[in-house]
Protein chains: 2
Amino acid sequence: MAAQAIDRRIQRTQELLKTALMSLIQEKGFEALSVQDIIDRANVGRATFYAHFDNKEDLLRSGIEGLRQSLRECQRKALSQTPRTEERVFAFSREMFTHANEHRDVFRAMLGKRSGSVIQQLFHRMLIDLVREEVKALAPRGDTSSAPTETITQYIAGGLFGVVIWWVDGRMRLSVEDVDALFRRLAIPALKATAR
Amino acid sequence: MAAQAIDRRIQRTQELLKTALMSLIQEKGFEALSVQDIIDRANVGRATFYAHFDNKEDLLRSGIEGLRQSLRECQRKALSQTPRTEERVFAFSREMFTHANEHRDVFRAMLGKRSGSVIQQLFHRMLIDLVREEVKALAPRGDTSSAPTETITQYIAGGLFGVVIWWVDGRMRLSVEDVDALFRRLAIPALKATAR
DNA sequence: TCGCTATGGAACAGTGTGTTCAATAGCGTT
DNA sequence: AACGCTATTGAACACACTGTTCCATAGCGA
């Protein structure tokens, strides 16, 4: 075997913990949650938890990693085929809104007011990275780390962040299509400020 | 006297607590802070603290209230004189960047990565309210609570939030004028999406 | 001066944290 | 199937912080 097989016990434990975390987040929100709650729900020993993660935030990070990779992948695909088309810009946004819509319970619990701002912060950073990639792709003339470019990145990422939080936390009256279209309509002019 | 004079002891205590909080935030950040730290620094009894505030977040809220009112005031002024001028739109943003620049130590400690996201959340909400006021002023045709309008509000507020956080947390290479100008250049087109 | 109230300080139970240890269970390999 | 290795367990640990209660006292405003 090429890949060194991972001990089944480890997989099992980590899976149990992540699952417990997610279900608990939906019930109580992240902040209100204790390590004790998690290990009780997962039916895992205290010492075992700390053998795998430093604390509950560490566990959360590793849990969110999945979403991050999925969005990155989706973006990578879109960027590789026929760049420069306006249709393809911010390809990940549609995917994200869709994803949020399908798992609205989890998302609402994770990003809503009740649940902690730690998650929000992680999510915000994730969006910044994704947006930066797009901005970079549209302003490739060595302009990369210039201040205005980064400002635009931060602005758009912040805007997207704000919209998602609001959309998920409210009654989500807007459809995925509408909210995504609105976001694009708002973001693309800003992008052009780069391309000048 | 008309105004019911407030017991000097109360003023003194609350002042001591707020001052202690602010100085501690600069040293350790908000999250890492305990009520114990605060009362030690303020040299105030434990029971006294809880006689005034429910917890450290309650104290924080009351501390931030000052900034909120100051910005609101500044916005109110700008909105009352000669509306509709592009110069006057987002009048509070300049004030805020200036304020942040003058107290950059406090701001960095309060909004930076180290310090808690509770503060960030409070700050974000504050910006949303301020931006909504502006958007409302430019789309006054009974359109108030329509979805797109609110989306735009959330987008712009989020964008501003993102830019401020980034600007404050980084080395603040951009001058107040530059960062404010950039923000306006990015936000005003979005505003026009309302005015259609 | 007097009455009222904010304060101080100590003690309290409760909750959670992160670590340690030796015993045990269960994995992958031979 | 038997082995050695490692993950898991459960208990116990010291520690920190929370929010509340009590009463004596200090300091305020009148």
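In what follows, chains are A, B, ... by sequence order, proteins preceding strands, each numbered from 1.
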Looking only at side-chain N and O atoms, does His52(B) come under 4.0 Å of OP1 or OP2 in dT7(C)? yes
Considering just the side-chain nitrogens and oxygens of Thr48(B), establish if one lies under 4.0 Å of OP1 or OP2 belonging to dA6(C). no
Are [X] and [Y] close enough that a side-chain donor and a side-chain acceptor fall under 3.5 Å?
{"X": "Gln36(B)", "Y": "Arg46(B)", "value": "yes"}
{"X": "Gln154(B)", "Y": "Glu150(B)", "value": "yes"}
{"X": "Gln75(A)", "Y": "Arg72(A)", "value": "yes"}

Between [N] ([atom2]) and [X] ([atom1]): distance, integer Å:
{"X": "Asn43(A)", "N": "dT9(D)", "atom1": "CG", "atom2": "P", "value": "7 Å"}
{"X": "Ile39(B)", "N": "dC17(D)", "atom1": "CD1", "atom2": "C1'", "value": "10 Å"}
{"X": "Ile10(A)", "N": "dT9(D)", "atom1": "CD1", "atom2": "P", "value": "12 Å"}
{"X": "Glu57(A)", "N": "dT17(C)", "atom1": "CD", "atom2": "P", "value": "11 Å"}
{"X": "Phe53(B)", "N": "dT7(C)", "atom1": "CZ", "atom2": "P", "value": "10 Å"}
{"X": "Phe49(A)", "N": "dA7(D)", "atom1": "CZ", "atom2": "P", "value": "17 Å"}
{"X": "Glu31(A)", "N": "dT15(C)", "atom1": "CD", "atom2": "C1'", "value": "17 Å"}
{"X": "Gln11(A)", "N": "dG28(C)", "atom1": "CD", "atom2": "C1'", "value": "13 Å"}

List the residues meeting side chain to side chain contact (heavy atoms under 4.5 Å, CB included) with Asp58(B), not counting sequence neighbours, and say none if there are none. Phe53(B), Asp54(B), Asn55(B), Arg61(B)
Sugar-phosphate or base contact per nucleotide [nucleotides 18-30 of chain D; S, B, -; heavy atom under 4.0 Å]: BBBB----BBSS-
So, does Trp167(B) use its side chain to make a donor-acceptor pair with the main chain of Leu174(B) at under 3.5 Å? yes
Are Phe97(A) and Ile128(A) in one and the same hydrophobic cluster, where Ile, Leu, Val, Met, Phe, Trp and Tyr link if side-chain heavy atoms are under 4.5 Å apart? no
Of all residues at least two apart in sequence or in a different chain, which pass the ring-ring contact (aromatic ring centres under 6.0 Å, His included) check with Phe161(B)? His124(B)
Among all residues two or more places apart in sequence or in another chain, which pass the ring-ring contact (aromatic ring centres under 6.0 Å, His included) test with His52(B)? none
Bend angle of the helix from dA13(C)-dT18(D) to dT30(C)-dA1(D), end axes from five pairs each (to 10°): 30°
Under the salt bridge (Lys or Arg N to Asp or Glu O under 4.0 Å) rule, what pairs show up with a residue in residues 6-28 of chain B, not counting sequence neighbours? Asp7(B)-Arg9(B), Glu27(B)-Arg41(B), Lys28(B)-Asp37(B)
